[in-house]
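A quick write-up on the structure given underneath.
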Amino acid sequence: MAQRHTTTLRLRLRYRFDNLVAGGTAALIGWFALACLAVVVPASTVLVWADRAAPATLSGRLAAVWVSVGQTLKIGGAVGSPLYVLASVALALVALLFVSTLVGLITTGINGRIMLLRRGHSTVMESGHTVLLGWSDQIFPVVGELVAANADQRRSAIAVLAPKDKVEMEDEIATSTSVAGTATGGTGTGTGRTRIICRNGRTTDPAELARVSPRTAKAVLVLPPEGDTGDAQVVKTLLALDAAVPEPDGAVVVAAVRDTRNHLTARLAAGPGGHVLCVDDIIARLLVQTAREPGLSLVYQELLDFAGDEFYATAAQGLAGRTFGEALSAFTTSSVVGLLRADGTVALNPDPGTAIRADDRIILISQDDDTAVPADASAYVDEAAIVTARPRTPEAERLLLLGWNRRAPLVVEQLDQFVAPGSTLDIVSLADVVRMRGAFGLAKPRSRLEVAFHGGDITDPEVLTKLDVPSYDRVIVIGETGHEPVPHPASPPAHAIDLRLAPETGTQTDDRTLVTLLHLRAIGEAAGRELSLTTEMSDDGNRLLAPARAGADFIVSGRLISLLMTQISESPYLAAVFEELFQAEGHELHLKPVADYVRTDREVAYATLVESARRRRECAVGYRLRAEVAVGPAYGVRLNPDKGQRVRFGAHDWLIVLAES
């Protein structure tokens with residue numbers, strides 16, 4: 001015998017209602033009509049019988065009930081012959097059906113339009129806007145910098161296309177820019193006059209790409225997604241952009257790939273007018289430059305964001321026919337660093353005797369484009385304070401690299417180009433030692449650097465203690481992207497040993513780096529000295545948590561690439577400037593002892609340092625005070641100071657110069 005369900009009356013009624021709804025539209029309409037009659041007829045009867053003015057006869061009261069029911073249900077309630085009543089009810093039902101259908105169609109259309117707008121499938125009707133393609137954590141600093149760059153414009157717009165819900169994108173961007181606006185002393189809105197427009201769609205589909213109107217944009221930025229397939233996504237997006245806009249009308253295209261092996265492919269996809277940055281290459285170069293000259297990361301951070309001084313190009317004006325050396329002192333509140341020729345080529349720190357043409361533009365560092373006003377500063381030069389430095393013999397160094405990832409071989413290769421002969425590098429990582437040797441063995445022969453590989457967990461304090469870290473001149477900490485090596489999908493050549501570590505997220509990588517820094521700080525405190533640390537981070541938020549001294553050098557890969565892309569999108573000639581700055585050959589930024597340029601026993605105007613640097617074929621762009629290296633937010637860095645400013649320098653202060661390696 002089957003058992004009966006022991007449920008409450010409420011659950012049984014709900015179950016029956018569910019069955020009723022499942023019966024279809026016809027059954028639902030029928031039951032709904034019966035329910036209305038069951039309520040309306042008794043209620044109308046009560047109203048008629050309770051009315052003192054109601055008819056006295058039964059037939060009259062029934063007619064009044066019918067009229068009340070008809071008016072309530074919008075079916076007329078006409079009184080007359082049966083045929084007349086049926087005809088009026090039929091007409092009323094037909095009218096009700098048509099009105100209901102019309103209301104339903106209008107409601108459906110409005111809802112559909114609202115859902116279309118919510119999904120972000122409509123086309124952006126803008127001109128001169130900036131388009132961001134793709135979604136990653138890099139979008140937030142990019143949006144923030146674009147907002148800062150457009151702060152002096154009356155009207156500007158940023159259009160974002162990504163395979164993500166439109167409302168979610170808007171909420172995340174609004175939250176990020178609000179926090180940034182509050183942190184910088186703004187009103188909290190963060191976007192100012194810049195409108196952020198988000199659209200949902202695949203960046204690899206030319207039809208969906210058209211939703212953000214790249215044809216009428218002034219710049220298109222292709223952001224590199226996270227993960228191993230991110231570079232392939234960038235290449236496909238560039239190809240889709242070429243299909244959607246076969247003949248771009250002046251739009252600047254800037255993209256970034258992570259792996260050096262994909263750089264050439266992305267450049268081919270971007271076309272001759274596109275600019276493609278290689279994350280691995282740039283980060284490796286900057287890690288090496290900063291490790292050798294502590295404080296350089298602070299200089300680049302100041303130059304690359306739009307909050308302080310940055311690169312500008314201004315017309316030669318009255319400097320045509322004069323030499324580049326004379327131009328160095330021709331701007332009191334700006335620092336001249338190069339020339340932009342009429343054909344678009346860039347000459348950083350050319351020979352001081354180079355003549356300036358009328359169609360040249362002066363590349364300089366300034367607070368804003370309207371502060372680059374010629375004003376001769378040569379009168380501030382104190383000839384008696386200028387000194388001639390004796391040549392310094394490069395000394396061999398002991399270097400330590402903690403961690404291993406795809407960029408590590410590039411770091412080693414760059415170190416070999418910079419260090420003095422006889423320098424040594426110890427590499428410690430969980431990665432397989434044999435494979436590390438094999439990966440680096442594919443690079444060109446080492447001429448200056450002797451490399452030794454050691455297996456060990458860099459988050460283990462015992463491993464770090466045995467290394468005697470304080471004995472090293474420089475320590476570089478990079479993120480480990482895995483513990484177990486995995487083979488490359490494609491079979492490498494027989495002579496090659498491929499090193500692809502199991503992937504980890506940027507957060508996991510930074511977590512290991514933070515633990516390593518914590519142990520290194522303890523080692524430095526126990527030894528009673530500050531370690532010279534250069535650290536690679538993925539997330540700028542983790543940099544704030546790092547247990548390191550104030551003003552320490554951090555290379556935040558995501559933020560750095562975002563800043564570079566934004567700068568190039570606003571000023572395309574900067575692609576050539578940054579390309580030379582980050583190369584081992586050519587001209588780079590350096591921090592050199594002030595005592596090599598001027599006497600430190602007196603106050604001198606900054607123009608004196610500019611003139612002293614000019615005589616050494618260098619461009620002075622600022623200085624760093626050792627006494628303020630732990631004082632934020634500048635940590636002693638003074639970029640582009642007024643040339644009339646007088647400063648008493650110490651023997652251990654630095655001059656920031658653009659000079660040949």
Side-chain angles (χ1 to χ4, degrees), residues 128-134 136 138-150 153 156 158-160 214 217-224 231 234 237-238 241 245 248-258 263-264 266-283 285-286 299-314 337-341 343-348 361 363-366 368-369 556-583 586-589:
H129 59 298
T130 301
V131 172
L132 305 183
L133 302 179
S136 68
Q138 289 181 252
I139 197 168
F140 304 118
V142 167
V143 169
E145 291 303 313
L146 287 174
V147 168
N150 297 330
Q153 298 185 16
S156 59
I158 301 172
V160 180
K218 70 173 182 179
V220 179
L221 280 67
V222 184
L223 304 180
D231 288 356
V234 171
T237 298
L238 290 171
L241 185 63
V245 190
D249 188 18
V252 181
V253 178
V254 187
V257 293
R258 302 185 185 280
H263 191 202
L264 177 59
R267 290 178 61 182
L268 293 173
H275 306 281
V276 181
L277 305 178
C278 181
V279 177
D280 286 357
D281 217 11
I282 293 173
I283 298 303
R285 292 173 180 177
L286 195 52
V299 177
Y300 278 114
Q301 180 178 327
E302 174 75 10
L303 278 175
L304 294 180
D305 63 33
F306 287 95
D309 294 86
E310 59 260 6
F311 291 104
Y312 290 98
T314 186
V337 295
L339 298 175
L340 176 61
R341 300 298 190 182
D343 59 0
T345 58
V346 170
L348 280 184
R361 294 177 66 83
I363 301 176
L364 42 73
I365 298 171
S366 189
D368 207 342
D369 53 358
V556 184
S557 55
R559 176 171 172 77
L560 175 68
I561 298 302
S562 299
L563 296 178
L564 285 171
M565 294 180 70
T566 309
Q567 288 278 354
I568 295 172
S569 70
E570 293 292 313
S571 305
Y573 69 88
L574 289 179
V577 173
F578 295 137
E579 178 68 21
E580 182 164 353
L581 286 179
F582 294 136
Q583 283 184 353
H587 297 85
E588 305 153 356
L589 291 174

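Below, each value reflects all heavy atoms present in this structure, side chains not excepted, and no hydrogens, waters or symmetry copies. We count residues from 1, following the sequence as given.
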I need the [X] [atom1] to [Y] [atom2] distance, nearest 0.5 Å.
X	Y	atom1	atom2	value
Leu574	Ile363	CG	CD1	7.5 Å
Arg361	Leu339	CZ	CG	12.0 Å
Leu238	Arg267	CG	CZ	12.5 Å
Ile561	Thr566	CD1	OG1	10.5 Å
Leu133	Leu221	CG	CG	8.5 Å
Leu563	Arg559	CG	CZ	4.5 Å

Nearest heavy atoms of [X] and [Y], plus distance in Å:
X	Y	result
Ile283	Ser557	CD1-CA, 3.6 Å
Ala217	Val131	CB-CG2, 3.7 Å
Pro224	Arg258	O-NH2, 3.1 Å
Ala255	Val234	CB-CG1, 4.1 Å
Leu340	Val346	CD1-CG2, 3.8 Å
Leu303	Gln567	O-NE2, 3.6 Å

Verdict with supporting geometry, Thr314 and Asp369, side-chain contact (heavy atoms from CB on, under 4.5 Å): CA-CA 8 Å; Thr314 186; Asp369 53 358; over 6 Å; no
Side chains of [X] and [Y], heavy atoms from C-beta outward: is any pair under 4.5 Å?
X	Y	result
Ile365	Phe311	yes
Ile282	Phe578	no
Lys218	Val252	no
Glu145	Ser562	no

Test log, rule side-chain contact (heavy atoms from CB on, under 4.5 Å), inputs Tyr312 and Asp368: CA-CA 8 Å; Tyr312 290 98; Asp368 207 342; 3.4 Å; yes
Tyr300 (side chain) donor-acceptor with Leu286 (main chain) under 3.5 angstrom: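 A pair under 3.5 Å: no.
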Under 3.5 Å donor-acceptor, His263 side chain and Val257 backbone: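 Checked: no pair found.
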Derivation of the side-chain contact (heavy atoms from CB on, under 4.5 Å) call for Leu348 and Leu581: CA-CA 9 Å; Leu348 280 184; Leu581 286 179; 4.1 Å; yes
Option passing side-chain contact (heavy atoms from CB on, under 4.5 Å) with Met565 (candidates Leu146, Val222, Leu277):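 Testing Met565 for a side-chain contact (heavy atoms from CB on, under 4.5 Å) against Leu146, Val222, Leu277 leaves exactly one candidate, Leu277.
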